[in-house]
Amino acid sequence: MFPEDAYNLDFFREEGFHRKTCERCGGRFWTRDPTRKTCGDPPCDPYTFIGSPVFRREIGLDEMREHYLSFFEERGHTRIKRYPVIARWRDDIYLTIASIADFQPFITSGLVPPPANPLTVSQPCIRLDDLDSVGRSGRHLTTFEMMAHHVFNTPEEEIYWKDRTVALCDELLLGLGADPLAVTYKESPWAGGGNAGPSVEVMVGGLELATLVFMDMKVSPQGDYEIKGERYSKMANYIVDTGYGLERFVWASKGSPTIYDAIFPEVVATISDLAGLDSSVSDDERTRILAANARLAGMVDLEDASLRDLRRRISSDIGISAEKLDEIITPLERIYAVADHTRCLAYMLGDGIIPSNVKAGYLARLVIRRTLRQMKDLGIGVPLSDLVSMQISRLDYSDLDERLETIAEILDQEEERYAETLEKGRRLVKRIAEGYGKKSEKIPLSEMISLYDSHGIPPEIAKDAALEAGVEVDLPDNFYSRVASTHIRSEKEGREEVTIDLPETRRMFYERPFERRFVAQVLEVVDGNVILDQTLFYPEGGGQPADRGLIRKGAKAFRVVDVQSAGGVVLHKIAEGESAAFAFEIRPGDSVEGEVDMSRRLAHARHHTAAHIIHDSAKKVLGSHIWQAGAQKSEERARLDISHYKRISREELKEIELLANRMVMENVPISTGWLDRAEAEKRFGFELYQGGVPPGTSIRVVQVGSDVEACAGTHCTNTGMIGPIKVLRTERVQDGVERIEFAAGVAAVLRGQERDDLLFEASDILSVPPEQLPKTASRFFEEWKDLRKEAARLKEDLARAQMEGLTRRAVEVGGIKIVVAVIENADVEELIKAASMISGKDYVAILGSDKDGAKIVTAVGKKGLAKGLSAGEIVRAATLVVGGGGGGKPEIAQGGGPRAEKLTEALKAGLAKVKASL
RNA sequence: GGGCUCGUAGAUCAGGGGUAGAUCGUUACCUUCGCAAGGUAAAGGCCGCGGGUUCGAAUCCCGCCGAGUCCA
């Protein structure tokens, strides 16, 4: 735990606060009220603000946000713009879940200075953890704005720490008209994301309005403090991390029965209208029920089981039947959920998340489908895109019109797709249900899990469809946890960080990008890697592969096969067979000469610059929702993955290619340079970070025409240097991510030639010029299909003719007529046709052919079957002779073997088998 | 990043080593003054693509392409 004095603030003492122990939960808290006995946090205290607001007057979202931000601005904080709700700068989370998430990991760790200090921001956050409670509890939201002020203190400079933080909070609350005696500060150790520290929860009227975290520890196995089972030690930097719930402030100011009524009453009203909500319940009664619901729900965690208890308590509290309560409250819950979810989608899609089956996109789809289900239950007929558009218009996007258009298209497509999935699902369930229905069994749980897991059919919908077919299902209450338990979790392997205790290698490839040779001093040789004081070798990074080349000492040359960077130190890997000699030959302190394979480097540079151009062109052709989702370059080709919600058409692709080549022909210079991070972000925004966020106070910014990216790669000096750009193909790597494969420079010419070769080879085969290939190919294909049908018909005719001749040559054994014959040049299909015709005349057929080895087909007519003959057994006896095997049904069977010369003998063996069986 | 499922006729899907099927739709004919319905018949298949195993692959195995879905 923290030291005893962690919460002993001068502020509390000076203001006459008392430190107390809650008589319900035992937690410590601070209050001005000498008579207070409980900490203020539910369930120790109930909601008291519902119906009796804690602030002076009602304040809406926009006004409250502005009030907060200007309050802190007036007190020395710099207001900064909100970050996107999709955390593109993080690789550990998909969504921005707190204001502090904006500054992790580099700013909190001290690697990068904050954009301002101290600062204030109102950061929209999305948390989907309590999705099930949204709409039901009266207080849960998927999306909320975390208003915050943050301070980043260093050992050199402390801006302010605990006292001023709490003082500011207190001033804010009292300024809004909160009763000083009603405000309590509850002590609560905080830990998360590898950091920890003391925190206070700020409670008013039973509602937690803010949390003030004093982050001053980090995870450390040998640390002195233990919090929630992990050991922590003090950090040099210490950070004020506050979080004020904008929506809760608004709710507290209004005292409405639910938070939803407080923050977007007009959206709730619109959705109610669309749902044609029955207004037979008086507003008074509804308010009473909701207030009771919210008050009680505030006291408990919402699990499915406890929801039922909750309902029972409410119905007895206000004296109506549980059924009646359900009838009134369920549609309201759905309306609230839709109001919340559509706002969540407005932020998600507005900030550029493309729905997908993976990653952040999956979360968007999850919310979309949930919302669609709720809308259907409510009987809302308008498209989801209408509701989301209404929500987006409330946000402040500068390019609203283009966004609205794209988002409407995305949502309409999602809605249509979900309908298709469900329709397909219903058919599938019906088929499965019929299968179990026949056996008069229930549909087992395993089947229900597979329906959900593999086909996305929610169990409720599956159940409905099954009941329609008159089949019961096995559906336990804990269905979803059963699904979860079928997924085995695999532990992620942490990448080993190589730390080398040497100064950073001087990287000369930025100033002298096209210089081949350099002289450097050897600092160290480790595991076949050489470390130099400076280098022209580019280490792998940003999708650009490592350079190769030579390192020379005197007359001896060693091949560099890989170059990696570890903590700023560049490692040059020497070829396997040469590293022993190298270690012997070259020692720390030696002077060596390096030589970079420049044709490889140039190919990489061309592909890298071309990737930026393709990205820019794609954005122009497809829309501003395009983000890079990954990239990889090689000498031969490169690929760029971009976020896009549908397949790129041929036409669009051609347009992208054309635009890219125009940019090349314009031969504009490419500017690269190091910029202060904060300055770069201010000028270019988060669109800089297409390839991820690099660490460091200054970042390298590469500008190619209108495309500006933070990028550490080596680039051409002007676009003309790239040479031609040839787009090769697109691929859908995931739902919502399209891959464009292309080649640039020499590689583009070579790839073009390869395609020409294919074209010429194909036209040579058909003896037509390339421009006639499509027409000719389709003609050939049509003709081939016709001929195939013709051949089948002819084989039928031929078989019939054969049959007539053969039946005349039948032998008779024990009352069964048997045809044994070789049909020259017949394939298996012909043999089968003839044999089945012969057996149709109630003969036994044993036919063979020596086309491509021995082929034997046997067939048995009705009479033969009655006597116990089996075509399968006969063919097995015969094919054994030709060194093969065969089988089939009793009526007809086929087989063969490699030893065609023994065909006649084999047929005899077949006949012998018949004789033996009779 | 991991898991699961599916690509067979225009559509929806059976079949899961041994002659490619059903239903709907299409076309023609019968019936009718005409239409619908009904009856009869026909047309319509590189069984996603490429390898492998096998006497034989739509079917089994591997790879690829395309689609769907659940989870982190």
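Letters A, B, ... mirror the listed sequences (proteins, then strands); counts begin at 1.
- Within the 4.0 angstrom heavy-atom criterion, only backbone atoms of the sugar-phosphate kind lie near A:G456; the bases stay farther away.
- Closest approach to the A:Q894 side chain among B:G18, B:C70, B:U69 is made by B:G18 (side chain taken as heavy atoms from C-beta onward).
- Looking only at distances, no side-chain donor or acceptor of A:E741 sits under 3.5 Å from a matching main-chain atom of A:L728.
- When the nucleotides B:G68, B:U69, B:U19 are ranked by their closest atom to the side chain of A:R369, B:U69 comes out on top.
- The residue A:R899 sits apart from the nucleic acid: no heavy atom pair falls under 4.0 Å.
- As judged by a 4.0 angstrom heavy-atom cut-off over every strand, A:E731 is placed among residues touching the sugar-phosphate backbone only.
- When each of A:D412, A:L411, A:L372 is paired with A:P383, the side-chain contact (heavy atoms from CB on, under 4.5 Å) condition holds for A:D412 and for no other.
- Nucleic acid contact for A:K789: sugar-phosphate only, since backbone atoms but no base atoms lie under 4.0 Å from a heavy atom of the residue.
- Under the side-chain hydrogen bond (donor to acceptor under 3.5 Å, both in side chains) rule, A:E738 has a single partner from A:R647, A:H644, A:K646, which is A:R647.
- Rounded to whole angstrom, the span from the CZ atom of A:R876 across to the P atom of B:G18 amounts to 13 Å.
- The distance from atom NZ of A:K855 to atom C1' of B:U19 is 16 Å, rounded to the nearest whole Å.
- Smallest separation of non-hydrogen atoms from A:E636 and A:A743: O-CB, 3.9 Å.
- Among the atoms of the strands shown, only primed sugar atoms or phosphate atoms (P, OP1, OP2) are found under 4.0 Å from some heavy atom of A:Y452.
- The distance from the CZ atom of A:R637 to the CG atom of A:L750 is 10.5 Å, given to the nearest 0.5 Å.
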Which donor-acceptor pairs under 3.5 Å do the side chains of residues 872-888 of chain A make with protein atoms, sequence neighbours left out?
from: A:R876; atom 1: NH1; to: A:G886; atom 2: O; distance (Å): 3.3
from: A:T879; atom 1: OG1; to: A:V875; atom 2: O; distance (Å): 2.8
from: A:T879; atom 1: OG1; to: A:R876; atom 2: O; distance (Å): 3.3

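- Among the nucleotides B:G2, B:C4, B:U19, the one closest to any side-chain atom of A:S454 is B:C4.
- In terms of heavy atoms, A:I353 sits closest to A:L349 at O-CD2, 3.3 Å.
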Dot-bracket, 5' to 3', for RNA chain B please: Watson-Crick or G-U pairs under 3.5 Å, [ ] where pairs cross earlier ones, | where the partner sits on another strand, dots elsewhere. (((((((..((((....[..)))).(((((.......))))).....(((((..]....)))))))))))).

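- Looking at the side chain of A:S836, the nearest of the listed nucleotides B:G68, B:U19, B:C70 is B:U19.
- Checked against B:G3, B:G68, B:U19, the side chain of A:I832 finds its nearest nucleotide in B:U19.
- Proximity of A:R788 to the phosphate of B:C46: no side-chain N or O atom is located under 4.0 Å from OP1 or OP2.
- Checking B:C13, B:G45, B:U5 against every side-chain atom of A:H455, the shortest atom distance belongs to B:U5.
- As a whole-Å value, the separation of A:D735 CG from B:C70 P is 11 Å.
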